[in-house]
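Remember, it's 1-based here, ligands and their atoms both numbered in the order they're listed.
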Amino acid sequence: MSGRSPENYRPPVDASYDAGQFRDIKDHCAVAGVIGPDIADASHTTYLMIDKLQHRGQESAGIAFTPQNGQSTEVMGGMGLVKTVFDEGEKARNPGSRAAIGHDRYGTSSVGSAEHHIQPVYDRYLALSHNGNFPTTDRLDEFLNRYDVPISHRNDTERFHAAMSERMRRGASLEEAMAHVLPMADGAASLLAMNKDVLVAARKKEGIRPLAMGRLGENVVFASETVGLPEGAEFIREVRPGEMIVADRRGISGIQSFQVEEGVEKLDLFEVIYFSSPQSELYGKKVADMRAALGAELYREAPTDADIVIPVPDSAIPAAKAYAEAAGIEYVEDGIIKDKSVKRTFIEPDPVKRREMVKKKLQPNAEKIRGKRVTVIDDSIVRRTTSEVVIESLWEAGAAEVHMGIHSPPIRFPELHGVDLRRQTDLVAHRRSVEQIRQIIGATSLSFLSFEGTIKALGIPAEKFATGPFTGTYPTEIGKIRDEIDFNQYDYYPALTASK
Ligand code: AMP
C-alpha cells in the first residue's frame with residue numbers, strides 16, 4: 001500500500017523498462033466509479049465495486065477520489081488483491097468523498113515493473129482508469145510527438161492519458177479532451193476519467209470491453225460488469241460503443257450523453273466464454289445462461305457416451321450442467337475440487353511451474369471418478385496446461401475413459417485486445433489438428449464447439465462480437481502485429497472432434 005499523496009503512489013519510471021515491449025502488457029482489467037449528490041463515501045463505494053470485479057484482474061488495484069473539500073483528486077493503490085491493498089476496505093474509507101474511480105489490473109508480471117502499471121493513471125489534470133488494450137498506438141503517438149510529449153516510457157493507457165492531459169493543459173475541458181482523444185485510439189477501451197468537477201465514462205466504438213451504467217439513489221455508478229454495481233444499485237444500461245457520458249455532482253439528473261464515434265458493437269466473444277462473471281448480463285442476457293446454451297449445443301454437436309459429466313471449476317460449471325442435462329448423464333459438480341488458495345496460474349510465465357500450480361489447484365475427487373467413463377467440460381484450451389493436467393489427474397484417479405469437451409472453438413490466433421494470449425506459437429491449436437491436440441493432452445476423445453454452433457447457441461449475430469482468437473478477423477487496426485500473425489491455418493480446420 002502506498003501513501004496517499006500522488007508523489008509516492010507512482011514509483012519513479014524504471015529506466016530499464018523496455019518501452020518497445022509495452023504491448024506485451026495486457027490489460028484485461030476492471031473499472032468502476034461513482035459520482036452524485038448524496039453519495040456518503042464515493043471512495044469506499046468504489047472499493048466495494050472493484051472488489052466485486054476482482055475476477056477481472058488480481059495484479060494490482062487503485063482508487064482516485066475527490067475528498068470532501070472537493071478541491072483536488074487523491075489516489076491510492078498498490079500491488080495485490082483489492083482487499084489486501086485496501087486493508088479489507090478500511091484504507092478506502094474517505095467519508096464525504098464526492099466522486100471516485102477505481103481499477104483492477106490483470107497483467108503479467110514479466111515485463112517492466114508491475115508497480116509502474118497500477119491504475120488509475122493520474123496527474124494534476126485528470127485520473128484515468130482503462131480496461132482494454134491498444135494493439136497499436138501509432139495515431140496517439142503521432143499526436144503526442146506533434147506536441148513534444150515524450151512517449152518512450154509510457155504504456156498505452158499512459159499515452160492516452162498524456163494526450164488528454166495535453167489537451168487540457170491547452171485549455172480543453174476533461175470531456176472535450178476525451179471526445180478529442182478517444183477517436184485517435186485503436187483497440188479496446190472502456191474508460192473512466194475524472195477530475196474534481198466531473199466524471200466521464202467512455203467506450204471505444206467497437207465496445208470490445210463491457211461497461212455498465214447504473215443508479216444508486218440519485219448517484220450515477222459505472223462498472224465493467226453489472227455484477228460490479230454496488231448493493232442497492234439499479235442497472236440502467238450499457239454505455240454504448242462510441243458513447244461518452246458526462247456526469248457531475250448532480251448525479252443522475254445531470255448526466256449528458258454524446259456519441260463521440262459511430263458505434264459498431266464488437267463485444268469480445270471471450271467475455272461471454274470465460275472472462276465475465278456468470279452473474280453479469282451482456283447484450284441483455286445472463287452470462288451463466290449463455291454458457292449453459294454453449295454446453296447444451298456442445299452435446300448436440302459432439303455427444304459422448306459417459307457415466308458422469310464434470311466441470312473444470314469454476315468457469316465451466318454452467319456449461320457442464322447443461323451438457324449433462326442435454327445428455328441425460330449424471331452431473332457431478334465436485335469431480336474436480338479447486339484449491340482456491342492457488343491463484344493466477346494462467347499468467348505464470350514458466351510452463352513447468354504453471355503445470356505444478358494447476359496440478360495443485362485442480363485435484364480430482366478419486367471417489368467419484370474411479371472406474372467411471374468421464375466427460376470433463378472446460379470453457380477453452382489456450383496453451384493446454386489445464387487440460388493436460390486435468391486429464392492426467394483423472395487417469396491417475398482411476399477413470400475408465402476421459403472425454404474432453406470444450407464449449408468454444410479452437411484458439412488459433414492471438415488475442416490482442418486485453419487477454420494475455422498474445423504469442424501465437426504458444427497456442428496449442430496453432431497449426432495443429434484436433435486429433436493432434438487430443439494425442440498431446442491424452443484424452444480418449446476431444447471435442448470443440450464449432451464457431452457456428454457458438455453463435456447459434458448465443459442467439460446473437462456473429463457481427464456483434466470480436467472473434468479474433470477464433471477466426472483471425474480483428475475489428476480494429478492492429479498495426480505491425482498483422483505481419484507477425486500466421487493467418488494460413490485452413491488445413492487444420494475441418495474436424496472439431498477426435499477420438500481414439
Ligand atoms: P491453458 O491452461 O493455457 O490451456 O488455458 C486454458 C484454461 O485457462 C481454461 O481452463 C480457462 O478456463 C482458463 N482461461 C482462459 N483464458 C483465461 C485468461 N485470460 N485468464 C485466466 N484464465 C484463462
Open item on the list: Can you tell whether the side chains of E301 and K456 come within less than 4.0 Å, N to carboxylate O?
Closed with: no
Task: Atoms of ligand 1 close to F270 [distance to a heavy atom under 4.0 angstrom, numbered from 1] - done: 16 (N)
Task: Sub-4.0 Å atoms of ligand 1 with respect to non-hydrogen atoms of R384 - done: 1 (P), 3 (O), 4 (O)
Task: Numbering as shown, the atoms of ligand 1 that approach D379 to under 4.0 Å (heavy-atom distance) - done: 11 (C), 12 (O)
- [ ] Just jot down the ligand 1 atoms closer than 4.0 angstrom to any heavy atom of I381, in number order.
- [x] 4 (O)
Task: side chain to side chain contact (heavy atoms under 4.5 Å, CB included) partners of T467, counting only residues at least two apart - done: L269, F451, F465, T471
Open item on the list: Enumerate the ring-ring contact (aromatic ring centres under 6.0 Å, His included) contacts for residues 306-343, please, sequence neighbours excluded, ordered by first and then second residue.
Closed with: Y299-Y323
TODO: Check ligand 1 against S315 and write out every atom of the ligand that is under 4.0 Å from a heavy-atom position of the residue.
DONE: 12 (O)
Task: V382-ligand 1 polar pair, N/O distance under 3.5 Å - done: yes
Open item on the list: One residue to check: R383. Relative to ligand 1, which of side chain, backbone, both or neither has a non-hydrogen atom less than 4.0 Å away?
Closed with: both
TODO: May I ask you to say whether K500 pairs ionically with E401, meaning some side-chain N is under 4.0 Å from a carboxylate O?
DONE: no
Open item on the list: Assess whether a salt bridge exists between K359 and E356, defined as any Lys/Arg side-chain N lying under 4.0 Å from an Asp/Glu carboxylate O.
Closed with: no
TODO: Identify whether the distance between the nearest side-chain nitrogen and carboxylate oxygen of E477 and R139 falls below 4.0 Å.
DONE: no
TODO: Would you mind telling me if ligand 1 is within reach of the side chain of S380, the backbone, both or neither, using heavy atoms under 4.0 Å?
DONE: both
Open item on the list: Both conditions, 6.0 Å and 45 degrees, for the charged tip of R154 above the ring of F160: are they met here?
Closed with: no
Task: ligand 1 contacted by S387 (non-hydrogen, < 4.0 Å) - done: no
TODO: Using a 4.0 Å heavy-atom cut-off, say whether T385 meets ligand 1 through its side chain, its backbone, both or neither.
DONE: both
TODO: Determine, for R355 against E348, whether the closest basic-nitrogen to carboxylate-oxygen distance falls under 4.0 angstrom.
DONE: no
Open item on the list: So is V312 touching ligand 1 or not, going by heavy atoms under 4.0 Å?
Closed with: no
